[in-house]
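Shown next, in structure tokens, is the structure this report addresses.
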Amino acid sequence: MMDAWLVDLDQVVPTDISAHYPEGLTEEELRRGAEFVHARAAHRFFRARLTVRRLLADRLGLAARDLRIHYDPAGKPYLPDQPGTHVSWSRSDGLLLLGATETGPIGVDVELVRPSTTSLDVLTFVYPGVPAGVSPETFFHAWTLLEAAVKATGRGLTDGAREVDLAFGPDGAVSLRGITGHGTLPWHGHTALQPTLQDTPWAMTAFVSRELPPVTVLPWPDRAREPVRERARARALAGLTTG
């Protein structure tokens, strides 16, 4: 069974993730955080890495300091001491999406839903199979599903995008038909809109794994559950009344 969490990093307080923030980060993570120009971006990065350790350690019944996370040559994370547990995560500004399962490789992706006139051009450059005339809303379904698929295989967009077979529906939806060259068992993909506390009230999430969709995404910390729903509802109502 897959576990998944959507984390608003701006709602995470240091005591949620580390008794002595930012203790628990590796030297490489500290170095990367120091490269950010803005302190807010650095703290989001730190909180993301510490939150991943906290949630995975809780799931496995470990102390966060005892959880080791390594990366293969392509950058895909894995747990050397728990080889049966597969993990993937994605960050979009202040949002973190984390997935974990024991049923095989997994890939996840999250994107804040922002309008852009160039999004489809970027998608078409990476994935030439995009049909002509698709709506701009299609981008978020296709992009997140594509990202999640190449993360699941560990190939990355440059090498793996052309191995992914996406189906584009007439209603703007996108589904995963398969991934070539990575075993005979079927791959399953799923996208969904999630309410957020960010400036953009909605995020698109995508999961690709050997498990059948859908996936239940839990907000974390739990105290953010009701504010997320209430703010998203208020923004949606405001749009209806002013549109």
More than 12 heavy atoms of other residues, nucleotides or ligands under 6.0 Å from CD of E28: yes or no? yes
If you count the non-hydrogen atoms of other residues, nucleotides and ligands that lie under 6.0 Å from CZ in R177, is the total more than 12? yes
K76 side chain near Y71 side chain, heavy-atom distance below 4.5 Å: no
Side-chain heavy atoms of T51 within contact of L55, under 4.5 Å: yes
With the side chain counted from C-beta on, respond yes when L176 and V164 share a heavy-atom pair under 4.5 Å apart, and no when they do not. yes
Strictly by modelled atom types, are E163 and T180 linked by a side-chain donor-acceptor pair under 3.5 Å? no
Please give me the minimum heavy-atom distance between V208 and A149, naming the atom from each residue. CG2-N, 3.7 Å
Can you confirm whether P105 sits close enough to W187 that some side-chain heavy atom of one is under 4.5 Å from a side-chain heavy atom of the other? yes
Q198 and D10, any side-chain heavy atoms less than 4.5 Å apart: yes
Just wondering, are more than 12 heavy atoms of other shown residues or ligands nearer than 6.0 Å to CZ in F125? no
So do the side chains of D93 and R114 get within less than 4.5 Å of each other, counting heavy atoms only? yes
Side-chain heavy atoms of L56 within contact of Q82, under 4.5 Å: no
Ionic contact status for R54 with D16, cut-off 4.0 Å: no
Least distance between heavy atoms, M1 atom then T103 atom: N-CG2, 4.2 Å
How long is the gap from CG on D81 to CG on D66, to the nearest 0.5 Å? 9.5 Å
Tell me, which pairs form a ring-ring contact (aromatic ring centres under 6.0 Å, His included) where one or both residues lie in residues 25-52, sequence neighbours left out? Y21-H43, F36-F45
Going from CD on Q11 to CG on L95, what distance comes out if it is rounded to the nearest 0.5 angstrom? 10.5 Å
salt_bridge(R91, E111) N-O dist < 4.0 Å: no
If you compare all heavy atoms of G172 against all heavy atoms of S135, which two are closest, and at what distance to 0.1 Å? CA-OG, 4.3 Å
E27 bridged to R31 by N-O distance under 4.0 Å: no
Does the side chain of L60 reach to within under 4.5 Å of the side chain of L79, using non-hydrogen atoms? yes
Within a 6.0 Å radius of atom CZ on R59, are there more than 12 heavy atoms belonging to other residues, nucleotides or ligands? yes
Between the CE atom in M204 and the CG atom in L145, the distance rounded to the nearest 0.5 Å is 10.0 Å
The reported gap from CD in E137 to CG in L120 (rounded to nearest 0.5 angstrom) is 9.0 Å
Under a 3.5 Å cutoff, is there a donor and acceptor pairing between the side chains of E211 and T101? yes
Is there a path of hydrophobic side-chain contacts, each under 4.5 Å between heavy atoms of I, L, V, M, F, W or Y residues, that connects L123 with F140? yes
Is it true that H141 and T191 share a donor-acceptor pair across their side chains at a distance under 3.5 Å? yes
Residues T85 and E102: side-chain donor-acceptor under 3.5 angstrom: yes
